[in-house]
Every structure is written in C-alpha cells, then in structure tokens.
Amino acid sequence: MQDDAFVFMGGTFDPIHNGHLRTALEIRHWLGVDRVGLIPAKTPVHRGDPGCSSEQRLRMVELAVKDEAALFADDREIRSAEASYSLLTLLGLRAELGPERPVMMVMGMDAFLSLPGWHGWQQLTDYAHLLVVQRPGYQQPLCPVLARFAEQHKVDSPEQLPGAAGGLLFHELTPLAISATQVRESILRGESPRYLLPDAVWHYIQENRLYGLKT
Ligand code: ATP
Ligand code: MG
C-alpha cells in the first residue's frame, strides 16, 4: 500500500470509544501510512437516531484525536448537504484525490456483514479498497452474495492490493469488545464508562449531559 493512501474509518461514533481509536491506530502501523481519518456520519442511514447531535459527535471525535497526530477527524459527511452514504463519500474522495491515489475504507466485521443492505454496496470497490477488521462477537459465515463479493475482491496482504481501488482485505487486530451501545447503556445506568473511551470525551459528555447522564 502506498504511503500516500487515504485511509479512513466511517461510523456514527455515538460516542467515539477506544475500540475505534485503537483500531485506527493499529491500522495506521500495519499499512505504514502517516494518518488515518475518522469520518462521523451526519444522518446515520443504517440505524435509528443517535443520542446527540452530529456536531456533538464530531466534537467528541475531535477531542479524542487532539493529542494523536496519527489520527484526524474529517467533517466531510457532517458538512455535506447530502445524506451520509459511503458511496457518496467515496465519490467525493475520488473527485478530490484523483484516480491514482489509493483509498482505503476501514470497517468492522459487523458493518461488513450488513453491507448488502447499503446503498450501491457493490460499487464501493470501484472507488476504494475495503479493509475489514475482526470484531469480537461477529464471526458469522458470510451470506452467499457477500461470499461471492469476497471471492471477487479478496487479497491476502496490503502488497497484493490492486492499485487505487478494488481490493478487500481482512485483518485481525487486538480484539476489543467495546461498543458505543455499551458506553451509552452504562451512562444511562449511572455507571462510569471511564477507560472505555478517552477522558476528554467522557468530560465532554458530562459537561453536556449527553446520553441521559444523571447528577
Ligand atoms: P453502536 O453500538 O452504537 O453501533 P459501535 O461501537 O458499533 O456503536 P459505530 O460508530 O457503529 O460504533 O462503528 C463505526 C465503525 O467502527 C464500524 O465499522 C464498526 O464495525 C467499527 N467498530 C466499532 N467498534 C469496534 C471495535 N470494538 N473493534 C473493531 N471495530 C469496531
Ligand atoms: Mg455499530
């Protein structure tokens, strides 16, 4: 993989937690790129309403990466007039970066398993490589349509990726069974979510009374 590749992870980040951050950082080292972007979705199309505003979710991503030069928050989906569809984001990135520069979209196994429900999902590989990281609890076999897709695009190492787009890689990282759902639920129960997410994000949640925080 070229070191000027644009590598990013999209998500709701409601809120961002250490599972996202550790994944992004390990991928940065594994691929040998300078930085990995985190792109919060504006209007989550694959799920119900998030527990706080888009601006607040973006702010938490910014706070989470403030002291880490290898990660950056990218506000393109939140600033966009369009709904947040990965395909539109990739089209925008291609228009911006040109046809030669590799683009790598990172997602967890749970997201990959839901891919056949995404708008234009089979075109995603026209514009980017997909990198699927294992996520504890999501080990199901692939449905036939996804298995066929994997057969067409899968390679075994970053070196085998075909140019700027079109490859699919699976990779195992330090498994962290953290989810934003777990963070939101512990806050709602009045328990501390500390050490599941950066302190700066937890302080922001406290200051803004997010996720039904009591006291
Ligand atoms: P929620 O519980 O609200 O769905 P989440 O923890 O799954 O939140 P998302 O914002 O939905 O977080 O996920 C964004 C991306 O990060 C997805 O591709 C997801 O698979 C991946 N991801 C989230 N948590 C982890 C984790 N602990 N390990 C690896 N990947 C993760
Ligand atoms: Mg999720």
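Ligands are counted one by one from 1 in listed order, and the atoms in each one are counted from 1 as well. This one's a predicted model, so the numbers in the text were calculated from it and none came from an experiment.
- Ligand 1 lies less than 4.0 angstrom from a heavy atom belonging to Arg184.
- With no hydrogens or angles considered, a side-chain donor-acceptor pair links Glu159 and Ser157 at under 3.5 Å.
- Ligand 1 has no nitrogen or oxygen under 3.5 angstrom from a nitrogen or oxygen of Val133.
- Using a 4.0 Å heavy-atom cutoff, Thr23 is listed among the residues neighbouring ligand 1.
- In this structure, Arg57 contributes its side chain and Lys42 its backbone to a donor-acceptor pair below 3.5 Å.
- Ligand 1 places these atoms under 4.0 Å from at least one heavy atom of Met107: 18 (O).
- Interface of Ser179 with ligand 1, defined as ligand atoms under 4.0 Å from a residue heavy atom, comprises 2 (O), 6 (O).
- More than 12 heavy atoms of other residues, nucleotides or ligands sit less than 6.0 Å from atom CD of Glu191.
- Interface atoms of ligand 1 facing Ala111, defined by a heavy-atom separation under 4.0 Å, are 18 (O).
- Relative ring orientation between His153 and Phe149 is described as tilted, the plane-to-plane angle lying within the 30° to 60° band.
- No side-chain donor-acceptor contact under 3.5 Å links Asn208 to the backbone of Leu210.
- With no hydrogens or angles considered, a side-chain donor-acceptor pair links Tyr211 and Asp14 at under 3.5 Å.
- Contact annotation: for Met9 versus ligand 1, heavy atoms closer than 4.0 Å belong to the side chain alone.
- At distances below 3.5 Å, not a single donor-acceptor pair connects side-chain atoms of Arg135 with backbone N or O atoms of Asp110.
- Heavy-atom contacts of Gly11 reach the following atoms of ligand 1: 10 (O), 14 (C) (cutoff under 4.0 Å).
- Each of the atoms 14 (C), 15 (C) of ligand 1 lies under 4.0 Å from some heavy atom of Gly10.
- Ligand 1 has a nitrogen or oxygen under 3.5 angstrom from a nitrogen or oxygen of Leu176.
- Counting the atoms of ligand 1 from 1 in the order shown, those under 4.0 Å from a heavy atom of Asp110 are 19 (C), 20 (O).
- Cation-pi contact between Arg35 and Phe72: present, with separation from the ring centre below 6.0 Å and deviation from the ring axis of at most 45°.
- Although no hydrogens or angles enter the test, the distance criterion places no donor-acceptor pair under 3.5 Å between the side chain of Arg209 and the main chain of Lys214.
- Exactly one of Gln56, Glu55, Glu62 qualifies for a side chain to side chain donor-acceptor pair (under 3.5 Å) with Arg59. That residue is Glu62.
- Residue Arg135 touches ligand 1 through its side chain alone, judged by heavy-atom distances below 4.0 Å.
- In this structure, Arg22 does not count as a contact residue of ligand 1, since none of its heavy atoms falls inside 4.0 Å of the ligand.
- Considering backbone and side-chain N/O of Val106, none are found under 3.5 Å from N/O of ligand 1.
- Distance alone, capped at 3.5 Å, is enough to place a donor-acceptor pair between the Arg94 side chain and the Gly98 backbone.
- Near Phe13, with a cut-off below 4.0 Å to any heavy atom, the atoms of ligand 1 are 10 (O).
- Close approach of ligand 1 to Thr181 (heavy-atom distance below 4.0 Å) involves ligand atoms 1 (P), 2 (O), 3 (O).
- Distances between N or O atoms of His17 and those of ligand 1 include at least one value under 3.5 Å.
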